[in-house]
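Reviewing the structure listed below.
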There are 2 protein chains.
Amino acid sequence: MCVTNTDGRMTLADDAPSTEYEDTCKRAGEEHGRAIRTVLDRIGDKWSLLVIGALQHGTLRFTELQRHVPGVSQRMLTLTVRQLERDGLVTRTVHAEVPPRVEYRLTAVGETLIEPSLALAQWAIEHYPAIERAREAFDGS
Amino acid sequence: MCVTNTDGRMTLADDAPSTEYEDTCKRAGEEHGRAIRTVLDRIGDKWSLLVIGALQHGTLRFTELQRHVPGVSQRMLTLTVRQLERDGLVTRTVHAEVPPRVEYRLTAVGETLIEPSLALAQWAIEHYPAIERAREAFDGS
DNA sequence: CCGAATCCAATCGGATACTG
DNA sequence: CAGTATCCGATTGGATTCGG
């Protein structure tokens, strides 16, 4: 897994043959692979990206968050925000009141994730029709 | 799930209160939600993005592809390229030879996925250390 | 060389019920 | 309100074996 190649181009996966330089790149790239894998495991799950998106305009409480992410169960929302909190992408603030009030908010790091996620979302919207057509053609033949 | 808001800003999830306009946006946005979900289900899996990355510089045969994506099993590589083929992101060309030769290549649509994926990969590499630190801090406390 | 088929463990995620 | 706990079906993905 190399991200910066010998020619300076960016790559997502490793092309490396077995030259010494490439091997160095490969070893360094293994770290990159873990980074990409880790991030993909987070944003690739069913709800994280939607939660990030729901929080992009400000603070939300648990129930509000649940309304903004249609279809998420209480359990999965809890697990998802815990993961995001653990990864330092979301802060969780508990106010000592009755009834309890818990507020979720993106951290600075969490906010930087919005831009690339949005790029992906735009790609999805733009190419979804083509994908649907491709599937029908593939399944039909 | 709204992507373009009333104020023109982009969003990943739906903020919509129940005005008529927002409801229209919401209904239209449900389509966007399916698009994003669909694409996330594809690139969010364990291997698709790595395969796309491996193919970004040209054509590869099955075994080459497997070498370029370290850790992938034969089974998963087969399933992954089939999905990508079905979605019209990759072409699969079988040459009638012995031994058989099968070549995989990105389609035009597949190539457009590289840019946003790379943006995400760069984010991953840049913020992975912060995520690791956040996790240690979270787990330690 | 390029797969398909089978088996199986682990994880994911929904439903439901209960709590401070 | 904001969770936690438990159960359970569905999905994921690795290992292995067989075939054209």
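Here is the naming used below: chain letters follow the sequence lines, and residue numbers restart at 1 for every chain.
- The side chain of T63(B) lies closest to dC2(C) when the candidates are dC2(C), dG20(C), dG3(C).
- To the nearest 0.5 Å, the span separating NE2 on H68(B) from CG on L50(B) amounts to 12.5 Å.
- More than 12 heavy atoms of other shown residues, nucleotides or ligands fall within 6.0 angstrom of atom CZ in R92(B).
- Here the OG1 atom belonging to T80(A) is positioned 11.5 Å from the CG atom belonging to L49(A), to the nearest 0.5 angstrom.
- One can place CG of L60(A) at 15 Å from C1' of dA2(D), the figure rounded to the nearest angstrom.
- Close to dG3(C), at under 4.0 Å from its OP1 or OP2, lies a side-chain N or O of Y104(B).
- One interatomic measurement links the two molecules: CH2 of W47(B) to C1' of dG14(D), which rounds to 10 Å at whole-angstrom precision.
- Note: CD1 (I43(B)) to C1' (dT12(D)) measures 17 Å, nearest angstrom.
- Taken together through direct or relayed side-chain contacts under 4.5 Å among Ile, Leu, Val, Met, Phe, Trp and Tyr, Y128(A) and L89(B) form parts of separate hydrophobic clusters.
- One can place CD of E103(B) at 9 Å from P of dC2(C), the figure rounded to the nearest angstrom.
- Sparse packing is recorded around CD of E115(B), with 12 or fewer heavy atoms of other residues, nucleotides or ligands lying under 6.0 Å away.
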Each nucleotide of nucleotides 4-12 of chain C classed B (base within 4.0 Å of a protein heavy atom), S (only sugar-phosphate) or -, in 5' to 3' order, makes B-B------
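- Rounding to whole angstrom units, CZ of residue F62(A) and P of dG20(C) are separated by 18 Å.
- Where R101(B) and G71(A) meet DNA chain C, the nucleotide closest to each residue was compared, and R101(B) sits on the side nearer the 5' end.
- Q66(B) has its CD atom 11 Å from the P atom of dG14(D), to the nearest Å.
- Between the CG atom of L79(B) and the P atom of dT11(D) there is a distance of 15 Å, given to the nearest Å.
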Please step through side chain to side chain contact (heavy atoms under 4.5 Å, CB included) for the pair R42(B) and I52(B), ending with a clear verdict.
-> CA-CA 11 Å; R42(B) 176 71 43 252; I52(B) 299 271; over 6 Å; no
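- Following rounding to the nearest Å, L77(A) (CG) and dA15(C) (P) show an atom-to-atom distance of 14 Å.
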